[in-house]
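The next block holds one structure in the form of structure tokens; read it before the comments.
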Amino acid sequence: MTAVTKAVFPVAGLGTRFLPATKAMPKELLPIIDKPIVQFAVEEAIAAGITELIFVTGRNKRAVGDHFDANLELESQLLAKGKTELRDLVRNIVPEGVSCIFVRQPEPLGLGHAVLCAAPAVGNNPFAVLLADDLMHGTDLPTSALVAAFKDAQHTILSVSEVPEIDVTKYGILKHGAQDASGLITVQGLVEKPAVEEAPSRMASFGRYIFTPEVFDLLRALKPGSGAEIQLADAIDQLAAQGKVSAIMNPSRRYDCGDKFGYLNAIVDLALANSDYRDWFSALLRDRVAKLERNE
Ligand code: G1P
């Protein structure tokens with residue numbers, strides 16, 4: 001039995017939906033109040049026992065590396081001002097015993113291609129993939145649930161949730177069988193962004209996966225699929241045809257932070273979930289809603 005200790009974070013996307021904010025800044029560093037989106041995914045992976053973080057970056061992504069690297073100058077300035085808590089906050093973003101590797105995706109050829117770029121760093125090991133745009137919030141997070149499920153299954157596992165019919169065109173949609181007593185759902189196929197009338201179900205795969213390294217050979221052989229890109233979903237579909245894919249329900253709340261509405265929704269919910277802001281922020285929201293209702 002092999003444990004999952006490596007996680008791949010594809011962070012090469014352009015973030016065009018957030019221009020001009022993302023003209024010079026990686027979209028993964030957009031903050032939810034004071035924490036960059038990608039740090040939520042990294043913390044989720046570390047909480048699941050991952051000790052090697054592999055970032056697949058592209059142009060203009062140096063700041064992602066800087067964010068997870070030590071900044072000794074900032075640390076000593078904070079210490080000199082007696083701000084030890086803040087010093088610890090920046091110092092412990094990547095705790096001791098966890099390492100970061102950065103590989104470059106030379107061209108934006110799709111999510112499947114981005115994951116394939118991580119192959120030399122992953123080697124012959126199972127690995128998690130986390131798409132930082134999908135921000136997960138709650139007491140149980142999907143990567144820990146996937147790691148636990150992988151211990152028994154030892155094959156590819158996806159985190160899934162049901163979506164409204166209208167939204168099937170935005171996601172990888174499962175063709176699936178029954179759920180067993182342990183919560184594993186048999187996956188028979190995965191269709192990337194199908195038309196509503198062609199969707200095999202309403203069960204969508206979200207940005208959390210665990211793969212065995214055999215996925216790399218399938219990715220290498222893939223032709224461009226949906227959107228003329230090398231699709232991770234197409235490799236999963238092939239693995240599913242061989243009976244080597246299961247899914248588990250996402251145990252947390254998901255926010256699509258690649259989208260402005262999802263991003264705003266995450267900020268509102270996480271502010272309300274934080275005892276530092278909850279009282280005044282909910283008072284502010286109530287006041288604004290009351291004004292809206294009075295048409296002010
Ligand atoms: C990617 C995947 C898709 C998945 C989605 C949400 O699409 O290709 O299968 O459902 O993430 O996690 P993207 O949103 O990057 O276009």
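As the structure lists them, so they are numbered: ligands from 1, and atoms in each ligand from 1.
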Element-labelled atoms of ligand 1 that are located less than 4.0 Å from some non-hydrogen atom of Lys193: 7 (O), 13 (P), 16 (O)
Is the shortest N/O to N/O distance between Tyr171 and ligand 1 below 3.5 Å? no
Show the atoms of ligand 1 that are less than 4.0 angstrom away from any heavy atom in Gly207. 12 (O)
What do you think, any protein heavy atom under 4.0 angstrom from atom 15 (O) of ligand 1? no
Within ligand 1, which atoms have a heavy atom of Phe206 less than 4.0 Å away? 12 (O)
Looking at ligand 1, does Ser205 have a heavy atom less than 4.0 Å from it? yes
Can we call the ring centroids of Phe18 and Tyr263 under 6.0 Å apart? yes
Look at the rings of Tyr171 and Phe206 and say which category their plane angle falls in: under 30° parallel, 30 to 60° tilted, over 60° perpendicular. perpendicular
So Tyr209 and Phe211, would you call those rings parallel, tilted or perpendicular, with 30° and 60° as cut-offs? parallel
For Glu43 and Gln39, test the side chains for any donor-to-acceptor distance below 3.5 angstrom and give the result as yes or no. yes
Tell me, which protein residue and heavy-atom name are nearest atom 8 (O) of ligand 1, and how many Å apart are they? Glu192 OE2, 2.6 Å
Contacting atoms of ligand 1, where contact means under 4.0 angstrom from a heavy atom of Asp134: 6 (C), 12 (O)
With distance as the sole criterion, is a donor-acceptor pair present between the side chains of Ser246 and His155 under 3.5 Å? yes
Residue set satisfying ring-ring contact (aromatic ring centres under 6.0 Å, His included) with Tyr255, at least two apart, ordered chain then number -> none
Contacting atoms of ligand 1, where contact means under 4.0 angstrom from a heavy atom of Leu111: 2 (C), 8 (O)
Are Asp133 and Lys27 ion-paired here, with the side-chain N under 4.0 Å from a carboxylate O? yes
Compute the shortest N/O to N/O distance between Ala233 and ligand 1 and return yes if it is under 3.5 Å, no if not. no
Under a 4.0 Å heavy-atom limit, does Leu131 contact ligand 1 with its side chain, its backbone, both, or neither? side chain
